[in-house]
Amino acid sequence: MPHTRGRSTSSFLNDPYNIGNAQTFSGDFKENIPQRNGTKHTRRLSGLAHSLSRSALGATDSEPVLRGRRSNLGFAKSTPLSPCRPLDVPSSLRKSVSRSRSPFVPPEHFPTPSHASSRQSSASRTGSVLVETELYDAMLAEDFASLEIEPTLLAPSTFSAELLCLGDTYIAALLEPSVDLQIAPSNTVVPDASPLFRMVHSPTSGYGLVATEDMEVGTALLVEHPVVIVPHDLESLSQMSDSVAPLLAKLPQEDHQEFMKLSNCTPFGCGKVEGIIKTNAIPIGLKSQEDEDSNSIMYHGVFIKASRCNHSCSPNAIRRWDLQTFTLHLEAVRPINPGEQITVHYVPLEQPRSERRAQLQELYQFTCQCDHCDVPDKLALTGDDTRQQLLEFKGRFPSFEEWCFDLEFPDDLLIRAHSRGLDLIKKEGLEALGRERHADRIAMCAGALADAELFTEWIQQVRDIRVKRRPEQIGAFDRWLEDPTTFPIWNWRNQVRDGAPPQYEDGSLTRFFSPPPNAAWPNPSLNTQESESQGRDSGHIDVPAGSLCAANIP
Ligand SMILES: C[S@@+](CC[C@H](N)C(=O)[O-])C[C@H]1O[C@@H](n2cnc3c(N)ncnc32)[C@H](O)[C@@H]1O
């Protein structure tokens with residue numbers, strides 16, 4: 001059925017590149033799984049295993065339980081945790097937060113450990129803080145696929161301690177029963193690329209990763225499975241410590257030793273294992289059985305190599321969790337030269353220097369001396385202002401869809417705004433926040449205005465940004481470069497101007513591009529309507545003097 005303006009928020013107008021459907025794996029279980037030590041174990045073969053609890057499976061505590069329906073996980077030893085009092089979860093915490101993706105959605109990246117929130121001092125790690133923190137994380141990781149967050153502080157007794165087996169890899173995990181680990185066997189192999197970095201020790205920041213080769217933007221310089229998975233609420237760890245240490249001891253000896261060598265910045269009084277986890281935990285999303293379509297459960301993973309990456313307030317890399325392959329990717333967001341330290345960010349980058357430093361001090365016990373912190377106050381204030389402008393960017397401008405159909409907005413409004421956004425990112429070295437959403441919108445506007453020259457320039461840029469991460473999309477970009485009129489929303493704004501607004505059907509854009517056979521196609525729900533519209537009065541642009549706004553853009 002054709003639609004015009006006013007359709008639901010799932011509009012593909014914000015997603016002209018929604019060009020394929022996610023492919024889900026539906027493979028058979030293999031009966032025998034080679035183990036690292038050469039022995040073989042037999043898996044449970046029940047396709048229903050994922051929906052059954054331990055007791056429903058009839059397993060005793062010493063028996064293995066298969067985690068995940070079509071999972072490539074070997075069996076897992078499950079150990080019940082010592083019972084303890086259920087946590088009191090205020091009903092206000094049981095909010096659901098819907099998020100949607102940007103048009104050129106890169107998959108998930110997690111900019112900051114969520115225990116590293118400004119509002120999350122050890123004294124104030126309450127549930128509401130958790131909600132805010134996750135919201136913030138989700139906001140930054142705006143490429144989450146329709147992220148549904150149901151932050152519930154579960155009692156430690158709700159989690160079971162399990163040793164997961166993924167090919168050669170073992171993972172010590174504390175998981176809720178509702179976690180559904182669906183991992184396609186074809187996707188589980190971690191490329192054994194020659195390392196693009198080495199580990200180097202410095203007296204000021206301990207170990208860190210230093211590039212050994214030139215790296216282009218988008219290079220995945222590390223792809224790694226976690227060695228430990230723990231609940232999102234790191235404060236509950238102390239109550240689970242009795243279960244964690246014995247579980248870790250079941251890891252292959254080498255992994256266990258490497259884990260125990262990781263940095264521990266927590267104060268005296270915190271157990272060593274707990275301290276290591278808190279220092280090195282990186283947020284990851286797992287899938288819940290109840291919610292087939294999204295990464296809805298937040299956990300933390302500890303990684304032997306990726307956890308060695310130090311912080312910078314203008315990092316040259318991001319961490320991106322890929323649930324499909326169950327791996328964390330460390331990706332370059334700027335060109336990186338040999339000898340340069342590879343850095344990520346531990347705390348939200350849009351905050352002013354004083355807050356970033358305070359959080360880093362509190363949660364990681366160091367004073368940041370990066371190039372953007374170790375500067376005179378005057379310069380730091382300029383940097384703070386730039387970051388603030390980027391933080392407020394979303395609320396200041398209409399969404400693409402709003403702009404496209406409302407001729408009261410100037411034709412070049414979003415083009416100038418997003419160009420300015422890119423300038424600010426470059427100036428402050430904030431590529432880790434994502435250049436995609438700005439470049440996307442400029443290309444989309446140029447397309448909707450049928451400005452072939454501008455469109456070609458920007459679609460080429462978007463292609464370059466995305467080429468490494470989403471090679472399967474290159475065909476579509478090449479086609480649009482060759483013939484811009486094939487761009488799904490070509491000339492739409494002009495059609496509105498001519499009084500003939502475009503008619504379109506839900507899903508019609510999927511015809512523009514067929515995913516190659518067997519491609520691990522990205523999640524198709526790529527719209528940004530909701531994120532763009534949040535906090536705005538309908539159709540009104542709030543433009544305070546002196547801030548980032550169209551009027552100020554030269
Ligand atoms: C996740 S670990 C990073 C790896 C760590 N450097 C190591 O030796 O394993 C976090 C700790 O590294 C150190 N660190 C990270 N970034 C730093 C920075 N920019 N300056 C100083 N120390 C830093 C702090 O001690 C922090 O608690």
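Just so you know, ligand 1 is whichever comes first in the structure, and atom 1 is the first atom listed for that ligand. Bear in mind that the values here come from a model prediction, so they are computed numbers and not experimental data.
A salt bridge links E331 to R320: one of the charged nitrogens lies within less than 4.0 Å of a carboxylate oxygen.
Annotation: the span from S205 atom OG to Q341 atom CD amounts to 5.0 Å, rounded to 0.5 Å.
Evaluated for a side chain to side chain contact (heavy atoms under 4.5 Å, CB included) with D322, the options V223, I284, T327 yield exactly one hit, T327. Applying the side chain to side chain contact (heavy atoms under 4.5 Å, CB included) test between L360 and each of E355, H311, H345 identifies H311 as the sole match.
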After noting the C-alpha distance and the side-chain angles of E362 and R357, does the key distance pass the salt bridge (Lys or Arg N to Asp or Glu O under 4.0 Å) rule?
CA-CA 9 Å; E362 182 191 346; R357 277 188 152 173; over 6 Å; no
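At a cut-off of 3.5 Å, with distance as the only test, no side-chain donor of Q388 or Q351 sits close to an acceptor on the other residue.
Contact residues for ligand 1 (protein heavy atom closer than 4.0 angstrom to any ligand atom): T204, S205, G206, Y207, S263, C265, T279, N280, S307, R308, C309, N310, H311, Y346, Y364, F366.
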